[in-house]
Amino acid sequence: ETNDGLAEAKFVIKDAETQEIVVPEWTSTTDADEIAGKLFAGKTYILEETEAPNGYDKAASVTFKINDDGKVVIDDKVVDENTIVVADTKLAPTPVTVLVKKVDSEDTTKVLDGAEFVITDSEGTTVATWTSTTSADEIADKLYAGKTYTLTETTAPKGYEKAAPITFSINENGKVVIDGTEVADNTIVVEDAKLAPTPVTVLVKKIDAETGDGLAEAKFVIKDAETQ
């Protein structure tokens with residue numbers, strides 16, 4: 001796509017007639033690689049890419065001839081400056097599945113539903129939005145290796161505080177990485193703390209059942225109905 005030189009491709013050159021390797025495997029640099037003292041006029045050869053650079057598809061083999069003038073010929077056309085250009089096509093990115101699990105910070109076995117999330121890429125573009133369920137939520141076909149994303153909780157479940165945003169990346173092996181550490185099972189665990197309870201003022205008035213007059217000197221306690 002860019003015509004930039006690619007390093008890390010591996011090549012061999014074979015004799016087209018005998019299939020014998022006449023130039024052993026070498027690894028490309030970002031410059032044109034010079035093959036000297038091994039190829040001869042009047043012969044036909046095959047240039048074969050044995051391994052493509054990471055992220056690229058291997059190119060088709062190239063059959064070329066060296067004419068009596070020492071010029072490289074491909075498909076009956078003389079090649080400029082005897083330079084064979086091999087163009088590799090980038091592989092289509094493979095999406096990586098990531099799981100997001102919303103839990104109670106005090107009891108991480110308790111998975112929380114009702115949280116709303118958004119994932120944005122490094123440019124701030126939204127790539128996924130969803131509402132959490134009571135199991136780990138699967139984000140598929142939206143996230144890719146080599147990219148960095150931010151997971152933001154936009155709305156917390158009732159009674160909980162929102163968690164801080166989490167920045168994560170996906171390495172070339174398709175593993176989720178947070179703060180330099182690969183995450184187990186590609187599952188991002190988001191912990192929410194419960195909101196501190198808001199105190200409510202309640203009035204208790206003791207009265208005479210017949211007259212409705214307020215009565216002093218009664219003694220009371222208040223208990224939690226659940227725990228007693």
Side-chain angles (χ1 to χ4, degrees), residues 1-2 4 6-10 27-28 30 49-59 87-200 224-227:
E1 295 178 2
T2 64
D4 293 335
L6 294 176
E8 303 303 322
K10 293 184 179 181
T27 302
S28 69
T30 55
E49 184 175 14
T50 56
E51 185 176 318
N54 189 31
Y56 287 84
D57 199 7
K58 285 193 299 183
D88 278 3
T89 302
K90 284 184 178 180
L91 292 168
T94 301
V96 175
T97 297
V98 174
L99 299 174
V100 177
K101 185 163 66 171
K102 182 69 181 173
V103 299
D104 184 304
S105 62
E106 295 179 359
D107 179 6
T108 57
T109 64
K110 183 179 180 181
V111 183
L112 304 174
D113 62 352
E116 295 181 3
F117 288 99
V118 60
I119 292 178
T120 53
D121 63 18
S122 58
E123 297 178 351
T125 301
T126 297
V127 296
T129 59
W130 75 99
T131 301
S132 69
T133 64
T134 53
S135 59
D137 300 306
E138 183 178 281
I139 313 303
D141 301 325
K142 296 179 183 293
L143 308 175
Y144 297 89
K147 299 287 188 178
T148 297
Y149 300 95
T150 300
L151 170 65
T152 303
E153 183 177 11
T154 56
T155 302
K158 185 177 181 180
Y160 287 85
E161 295 180 359
K162 289 190 296 183
I166 297 172
T167 297
F168 66 95
S169 59
I170 301 176
N171 65 22
E172 295 301 331
N173 296 320
K175 301 297 184 181
V176 172
V177 177
I178 298 175
D179 294 333
T181 301
E182 288 187 2
V183 172
D185 301 321
N186 269 13
T187 300
I188 301 173
V189 178
V190 183
E191 298 184 11
D192 271 12
K194 288 180 179 177
L195 288 169
T198 302
V200 176
D224 186 300
E226 183 178 353
T227 65

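Heavy-atom basis, side chains included; hydrogens, waters and symmetry copies ignored. One-based numbering along the sequence shown.
Scanning all heavy atoms of the two residues, the minimum distance from Val111 to Ser135 falls at CG1-N, 3.8 Å. Here the closest non-hydrogen pair linking Lys142 and Ala128 is CD-CB, 3.7 Å. Contact detail for Val176 and Asn186: the closest heavy-atom pair is N-OD1, 2.9 Å. Taking every heavy atom of both residues into account, Gly174 and Val96 meet most closely at O-CG1, 3.3 Å. Of all heavy-atom pairs spanning Ala59 and Ala87, the tightest one is CB-O, 3.7 Å. A pairwise comparison of heavy atoms in Glu106 and Asp104 identifies N-OD1, 2.7 Å as the closest pair.
Separating the CG atom in Leu112 from the CD atom in Glu191 is a distance of 10.5 Å, to the nearest 0.5 Å. Atoms NZ and CG, from Lys90 and Asn54 in turn, are 11.5 Å apart once rounded to the nearest 0.5 Å. Between the CD atom in Glu49 and the OG atom in Ser28 there is a gap of 7.5 Å [rounded to 0.5 Å]. Residue Lys162 holds its NZ atom at 9.0 Å from OG1 of Thr152, rounded to the nearest 0.5 Å.
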Given the rule in the side-chain contact (heavy atoms from CB on, under 4.5 Å) test, do Thr108 and Val189 qualify, once you have shown the distances and angles that lead to the verdict? CA-CA 9 Å; Thr108 57; Val189 178; 5.7 Å; no
Leu143 and Phe168: side-chain contact (heavy atoms from CB on, under 4.5 Å), yes or no, with the steps? CA-CA 11 Å; Leu143 308 175; Phe168 66 95; 4.2 Å; yes
Taking it one step at a time, do Thr167 and Thr148 satisfy side-chain contact (heavy atoms from CB on, under 4.5 Å)? CA-CA 7 Å; Thr167 297; Thr148 297; 3.8 Å; yes
Determine, step by step, whether Asp137 and Phe117 satisfy the side-chain contact (heavy atoms from CB on, under 4.5 Å) criterion, reporting the C-alpha distance in whole Å, the side-chain angles of both residues, the deciding distance to 0.1 Å, and the verdict. CA-CA 11 Å; Asp137 300 306; Phe117 288 99; 5.5 Å; no
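Not one N or O on the side chain of Asn173 forms a donor-acceptor pair closer than 3.5 Å with the backbone of Lys175. With hydrogens and angles ignored, the 3.5 Å screen pairs no side-chain donor or acceptor of Ser169 with any backbone N or O of Lys147. A side-chain donor-acceptor contact under 3.5 Å links Thr50 to the backbone of Lys10. Side-chain N or O atoms of Tyr149 include one that pairs as donor or acceptor with a backbone N or O of Tyr144 at under 3.5 Å. Between the side chain of Thr89 and the backbone N or O of Asp57 there is no donor-acceptor pair closer than 3.5 Å.
In this view, Leu99 and Ala136, Glu138, Thr187 satisfy the side chain to side chain contact (heavy atoms under 4.5 Å, CB included) rule, not counting sequence neighbours. With sequence neighbours excluded, the residues satisfying side-chain hydrogen bond (donor to acceptor under 3.5 Å, both in side chains) with Glu153 are Lys102.
Counted by atom type alone, Thr181 and Asp179 present zero donor-acceptor pairs between their side chains at under 3.5 Å.
The number of heavy atoms from other shown groups lying within 6.0 Å of CD (Glu8) does not exceed 12. Annotation: Asp141, atom CG; neighbour count of heavy atoms from other residues, nucleotides and ligands within 6.0 Å does not exceed 12.
With a 4.5 Å cut-off on side-chain heavy atoms, Val98 and Ile170 count as touching.
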